[in-house]
Amino acid sequence: MHASAGGLARHPIQYQDVWFCLINWTVTILPIQHNVSQTQALARKWRPKSFAELTGQEHVVRALTNALEQNRLHHAYLLTGTRGVGKTTIARILAKSLNCEQGVTATPCGQCASCKQIDSGNFIDMIELDAASNTQVDHMRELLENTLYAPTYARFKVYIIDEVHMLSKSAFNAMLKTLEEPPAHVKFVLATTDPQKIPVTVLSRCLQFNLKQIPQKQIGDHLQKILEIEGIPINDAISMLLIARAAQGSMRDALSLLDQAIAFGQGQIDESSVRNMLGIVDQSNLFELLEALVHKDGTRLMSLADELDAQCFSFDGALQDLAAILHQIAMAQIVPQALSEDLPERTRIFSLATCFTPEDIQVLYQVALHGRSDLSLAPDELAGFTMTLMRMLAFMPVDPSLDQAQPVLPSRIERPNSKDSHTSRIDTHDTSNRTSPIEQVRLEWSELIPHLKLTGMSKMLAQHSEAKFISEQEIELFVPVEHKHLLEKKYQERIQLALDTYWKKSIKLVFSIGNLTGLTPVALQQQAEQVKQIQAIAAIEQDPVVQDLIENFDAKLIASSIKSIQK
Ligand SMILES: Nc1ncnc2c1ncn2[C@@H]1O[C@H](COP(=O)(O)OP(=O)(O)O)[C@@H](O)[C@H]1O
Ligand SMILES: [Mg+2]
Ligand SMILES: [Zn+2]
């Protein structure tokens, strides 16, 4: 997370850090100890102390609560999930549940000595080990020998081993026997971000729970609640959503970002400082881009891009956000009821949804994704970004209400002058009223190729060429530089012959090297397949049976395994 380095520098020193510093530098740090509690990081201050305080992870809480209430406890639990979703937190609550002086319970009192000591992390019978820094087998042996002795004080000795996947092979082996038949007074809670690195022999002896990334909405609500209690003024609703999104499902990251936002905004929080801190382009700039696209206003698009450039925002982030908005527009068109009620830009999204067809949005979305992956290859970021915008423009249909002769791009691309004279030969669909001239020529070429009955390399050349101009007298084709090796005389002659045969007269065929829009018939076909794939994934995701499996059985959809059966 790009923000965390700055965060560390800005954050006041924490208790543990002070202790650490004391060992290293003794005296110099001492004065800081006075206000440690006031300046505690939010993530630590707000560690949930009971299952009820947790956000999300209901499936884990339900299972653990039932086990505790029915006294059917397993001896080893494995909690998996990315950083900051509650693994350590749940392990500690479980330790309290097992050792609360009021008895084994799903709602530990939080008041007794055991609960209090566990909360502050110095309970003698709760042994926390960070496997990342203790990978050795000796350490593990020592720890395991200790399991034989009864707890000093408590009902259970609870061993919490964090990042357990980091243990060495021999350490895992040493652990196996104890995991198989642990003494009755011992419970293990293992936690990891990477369960795939854990040997199956260990996995099979643990009861595994997969913690989920926390949904943005829940993170946003949690942050809001914390700010209210902390008495920190917040001037808008969007800031929390922005932080929640940047945290990518991790509550700890969200809270660290919130800490930074508070420092950044000097005690209060508003949208523009949060955007600044996160390096996020203002949404309204992106909406303006889309509105310029609706009006096919190339000049406005370029000046908006210049503005973004001047503000030094990340174009990668801008394209990511643009794709997110296009996704929301697609939702507004296809499943409006699924669009969150409290989306800040809801009206703008719905109004754009009526300006584009669903197909337009699919294509624009694809162009945004491609533009993002091409960004690193572009001459510079601004060029990559504006190229993507121009590609979007090239895809925009000509509005029938506008003057058809008005060119979409201020380009050298000519319109086919005798368009209708050969349409009887090419089975073009009637797309004339919604395709741009450049798109029209491209489509005609794509559809002409099968009629030419080409094979082998000459077919390849045709499919990798993009038409600039088509008429019954002349065809002008562009071959991208990366395929110029296909431009051999014999393949050109075969295409020439096929064209002459098709039109039953001699056609002038001109090849040049270079890119027009990069959308050759091959590229168009790939794009169509991608759109199909995206639709297929969406359809499967929305299938009620699949949803049921995901909800109730913790199933995971592997998008890459979704394949069309009719290739
Ligand atoms: N599910 C959650 N609900 C509320 N806060 C959480 C949750 N998960 C993490 N946090 C916050 O993040 C901090 C770190 O969480 P922790 O449980 O240590 O994460 P990890 O999964 O990395 O072990 C906690 O102190 C708490 O403030
Ligand atoms: Mg942890
Ligand atoms: Zn208690």
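Along the sequence shown, the residues carry numbers beginning at 1. Counting starts at 1 for both ligands and their atoms, following the listed order. Heavy-atom basis, side chains included; hydrogens, waters and symmetry copies ignored.
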Which heavy atom of the protein is the closest neighbour of [atom], given with residue, atom name and distance?
atom	value
atom 9 (C) of ligand 1	Gly84 O, 3.4 Å
atom 18 (O) of ligand 1	Arg47 NH1, 3.1 Å
atom 5 (N) of ligand 1	Met251 CG, 3.4 Å
atom 14 (C) of ligand 1	Arg252 NH1, 3.6 Å

To atom 2 (C) of ligand 1, the nearest of Thr82, Leu211, Leu54, Leu42 on a heavy-atom basis is Leu54
Contact atoms of ligand 1, heavy-atom distance to [X] under 4.0 Å:
X	value
Arg83	22 (O)
Trp46	26 (C), 27 (O)
Ala43	13 (C), 24 (C), 25 (O), 26 (C), 27 (O)
Thr89	15 (O), 16 (P), 17 (O), 24 (C)

Would you check if Leu207 and Leu78 make a side-chain contact, meaning some heavy-atom pair closer than 4.5 Å? no
Is there side-chain contact between Thr193 and Lys87, with heavy atoms separated by less than 4.5 Å? yes
Any Pro48 heavy atom less than 4.0 Å to ligand 1: yes
Answer yes or no for Thr88: is there an N/O/S atom below the 2.8 Å cut-off from the Mg ion (ligand 2)?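 Checking the Mg ion (ligand 2) against Thr88, an N, O or S atom does fall under 2.8 Å.
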Quick one: CG on Leu375 to OG1 on Thr388, what's the gap to the nearest 0.5 Å? 7.0 Å
Logged contact type for Asp162 with ligand 1, heavy-atom cut-off 4.0 Å, is neither
